[in-house]
Amino acid sequence: LLRLMGCSMMLSYKLLIFLANCAAAYIACFSYTRIFHSKQIGILSAALYVLNIYRLASIYTRGALGEFLAMVFLPLLFYGMYEIFYGNYRRWQYAFLGFSGIIQSHIITVLIAAVCGCLALFFALRGLYHNRRRLLSLCTAATATLLANLWFIVPFLQYMNLDLSANRPSSRLHYTGVYVSQMFSSFVSNGTSLYETGTTAQEMPLSVGTIVLIGMILFVSYAFVSRKYARQLRKKGIYCLIAGIIALFASSIYFPWNPIIATSLGERFSIQFLCRLLPIASLFLSPVAASGMQDGIYPVTGRSNRFCLLVLVSVAIFCSFYSIDSCLDQEGISKEYCEVMDAGDGMYLLREVNLSAISYDGLLHGSDGLDMQVSNYRKEYASLEADLAISSAVTDAFIDIPLFYYPDYHITDQNQQLLSFSASPEGLLRITPAGTLTHIQVSFREPLVWKVCSIVSLAFLFLWILYEIRAYRKRQP
């Protein structure tokens, strides 16, 4: 929208990051406050979650747009699942909104969140069995998520059947694990590598932050030694501590991932980097650390809760300064690197595509021996049109069109007859000129089922918004 309004790409991206940070802080504070019934814990948990080192590295070092947008919605999904399983089951909307936000942001985080949700469901089965309304609420949230995102899910699943590079198993997944020395470090320079083995030199910051470790120690001492917590707060904190430690272990080099990768399920689904599990660890450990610091600092200082909260949030901000400051010392992106970003890392191209062979200049190219003149050439996004004058052609001649291959393109000649096409070794559309070809027109056409799914999603969202407005009015005195 900002680009359409005339803003530059750089300004649009900076505003997106700013708004995403604001949304992450608000959603995290709202979610943690509702779960732990404490505004102080909610604010401090949000500060720890938003300022954790891995999240900052994802924004300012990796530029992982989808992943850090998905982190905005993880606390909302956490809160929604908590309400369905243990709280007010009528508040299933939060789980629906949280998971929908993740689906629209980052597919790998969808996979991770789905696994976490299934584990939570397993441990909550007893409660669901005794309270069928909670099970109905869970099914309602799942159905709403499916209908609202049907316009995206159906095309995604169809293209998952293609032999894309994104579907290949990660044979080096184990090498992306996190060392114990990295998990809680705060003062570490920003590297660029994720595959260094036996050393942490030149690696990106893969940490949830030192202050989280301090808070965890305080929580453990108060929960298991002093036992000063209220029963419910202690129980929630212990569950979150266990979940966070499991997530940290799964993100480490010590977790036995190789046998899982070798299975058919591991070959089909890959999280690409083990460090992608760190946001889950931060999601659960942030309120644990906040609880520990709240009860560990307030009684010692004798100051007011607001003063101590301000100090703790300031400490969390201070611990993030080094990571942000080291980002400012990084070298800029080279022009040569930007020029190859038409293909990026090739994750959504065919697996056999040779990225190093791509010469993407936006022009039509004929095979050797094909004498071809191009005129009236027009290309816009996924559409292309051109007049051709072919004076001579050899056997097996072909024309490469500067659009990456996907099966739902339509290519027609001057007589509006469909032309068959295939994928070139560079992953571009390739046609074989037959007869007298004087004109080609290329366009990407959505299958009818995609359009139907879009209509279903729009209709559902419209009806759901009307339902929520009506319900809100009924609650008013």
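Heavy atoms only: backbone and side chains are in, while hydrogens, waters and symmetry mates are out.
- In this structure, OG in Ser383 is found 12.5 Å from NE2 in His410, a value given to the nearest 0.5 Å.
- For the pair Ala20 and Phe68, the tightest heavy-atom approach, listed with the atom from each and the gap, is CB-CE1, 3.9 Å.
- Side chains of Tyr13 and Phe18 form no contact here, defined as non-hydrogen atoms less than 4.5 Å apart.
- In summary, the side chains of Trp450 and Gln158 do present a donor paired with an acceptor at a separation below 3.5 Å, with no hydrogens or angles considered.
- Here the side chain of Glu83 pairs a donor or acceptor atom with the backbone of Asn88 at under 3.5 angstrom.
- In this structure a side-chain-to-backbone donor-acceptor pair under 3.5 Å is present from Ser457 to Trp151.
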- Under the side chain to side chain contact (heavy atoms under 4.5 Å, CB included) criterion, do Ser58 and Met71 qualify, and how do the steps go? CA-CA 10 Å; Ser58 296; Met71 292 182 203; 3.8 Å; yes
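- Summarising the local packing, CZ of Phe249 is surrounded by more than 12 heavy atoms from other residues, nucleotides or ligands at distances under 6.0 Å.
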- Task: Decide side chain to side chain contact (heavy atoms under 4.5 Å, CB included) for Leu403 and Leu428; before the verdict, give the C-alpha distance in whole Å, the side-chain angles of both, and the deciding distance to 0.1 Å.
- Result: CA-CA 5 Å; Leu403 292 169; Leu428 303 179; over 6 Å; no
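- Looking only at distances, a side-chain donor or acceptor of His439 sits under 3.5 Å from a matching main-chain atom of Ala386.
- Classification of Arg62 and Glu67 as a salt-bridged pair holds, one side-chain N sitting under 4.0 Å from a carboxylate O.
- Using a 4.5 Å heavy-atom threshold, the side chains of Pro402 and Leu384 count as touching.
- In this structure, the side chain of Gln414 engages the main chain of Thr438 through a donor-acceptor pair within 3.5 Å.
- Ring-plane geometry between Tyr79 and Phe30 is classed as perpendicular, the angle between the planes exceeding 60 degrees on a 0 to 90 degree scale with a lower cut at 30.
- Within the 4.5 Å cutoff, side-chain heavy atoms of Leu121 are placed close to those of Leu138.
- A donor-acceptor contact closer than 3.5 angstrom is absent between the side chains of Asn21 and Tyr26.
- Classified by interplanar angle (parallel below 30°, tilted 30° to 60°, perpendicular above 60°), the ring pair Phe152/Phe156 is parallel.
- Taking CG of Leu370 as the start and NE2 of His365 as the end, the distance is 12.5 Å to the nearest 0.5 Å.
- Annotation: the span from Ile390 atom CD1 to Gln373 atom CD amounts to 10.5 Å, rounded to 0.5 Å.
- Nearest approach of Pro155 to Leu150, heavy atoms of both residues: CD-O, 4.0 Å.
- Judged by distance alone, the side chain of Thr140 and the main-chain N or O of Leu136 form a donor-acceptor pair under 3.5 Å.
- The shortest heavy-atom contact between Ile27 and Leu76 is CG2-CB, 3.7 Å.
- Nearest heavy-atom pair, Asn149 versus Ser100, reported as atom, atom and distance to 0.1 Å: ND2-OG, 3.0 Å.
- Separation of atoms OG1 (Thr145) and CG (Leu97) is listed at 8.5 Å; rounding is to 0.5 Å.
- Checked against ring pair (Phe, Tyr, Trp, His ring centres under 6.0 Å), Phe444 has the following partners two or more places apart in sequence or in another chain: Tyr409.
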- Query: Please walk me through it: do Arg134 and Tyr89 pass side-chain hydrogen bond (donor to acceptor under 3.5 Å, both in side chains)?
  - Reply: CA-CA 6 Å; Arg134 294 192 184 278; Tyr89 59 84; over 6 Å; no
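- Between Tyr86 and Tyr82, the two ring planes are tilted [angle within 30° to 60°].
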- Message: Between Leu65 and Leu16, does the side chain to side chain contact (heavy atoms under 4.5 Å, CB included) criterion hold? Intermediate values first, please.
- Response: CA-CA 10 Å; Leu65 179 62; Leu16 175 62; 3.5 Å; yes
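- Checking side-chain atoms of Asn415 against main-chain N and O of Gln417 turns up no donor-acceptor pair under 3.5 Å.
- The CD1 atom of Ile440 sits 7.0 Å away from atom CD1 of Ile411, with the distance rounded to the nearest 0.5 Å.
- A donor-acceptor contact shorter than 3.5 Å links the side chain of Ser185 to the backbone of Gln182.
- Within the 4.5 Å cutoff, no side-chain heavy atoms of Met183 are placed close to those of Ser207.
- Once rounded to the nearest 0.5 Å, the distance linking CD1 of Ile112 with CG of Leu283 reads 12.0 Å.
- Across all their heavy atoms, Leu56 and Val50 have their closest contact at CD2-O, 4.1 Å.
- Ser251 contributes a side-chain N or O that, together with a main-chain N or O of Leu248, makes up a donor-acceptor pair within less than 3.5 Å.
- Heavy-atom minimum distance, Pro287 versus Ser45: CA-OG, 3.1 Å.
- Within the 4.5 Å cutoff, the side chain of Thr412 has no heavy atoms near those of the Val442 side chain.
- Residues forming a salt bridge (charged side-chain N to carboxylate O under 4.0 Å, His left out) with Glu468 (at least two apart in sequence, or on another chain): none.
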- Does the pair Cys118 and Val115 meet the rule for a side chain to side chain contact (heavy atoms under 4.5 Å, CB included), with working shown? CA-CA 5 Å; Cys118 291; Val115 172; 5.7 Å; no
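- Looking at Glu385 and Lys379, their side chains never come closer than 4.5 Å, going by heavy atoms from C-beta outward.
- Residues Ser282 and Tyr54 are not in side-chain contact: their nearest non-hydrogen atoms beyond the backbone lie 4.5 Å or more apart.
- Ionic pairing of Glu446 and Lys451 is not present here: no N-O contact between side-chain nitrogen and carboxylate oxygen is shorter than 4.0 angstrom.
- Ser252 contributes no side-chain N or O that, together with a main-chain N or O of Val178, makes up a donor-acceptor pair within less than 3.5 Å.
- At least one side-chain heavy atom of Leu388 sits under 4.5 Å from a side-chain heavy atom of Met372.
- Under the 6.0 Å cut-off for aromatic ring centres, Phe78 and Phe284 qualify, their centroids lying closer than that.
- Geometrically, Arg470 does not engage Tyr472 in a cation-pi contact, judged by NZ or CZ lying under 6.0 Å from the ring centre and within 45° of the ring axis.
- Using a distance-only test at 3.5 Å, with no hydrogens or angles considered, a donor-acceptor pair links the side chain of Ser367 to the main chain of Phe398.
- The aromatic rings of Tyr32 and Tyr49 sit perpendicular, their planes meeting at an angle over 60°, well past the 30° parallel limit.
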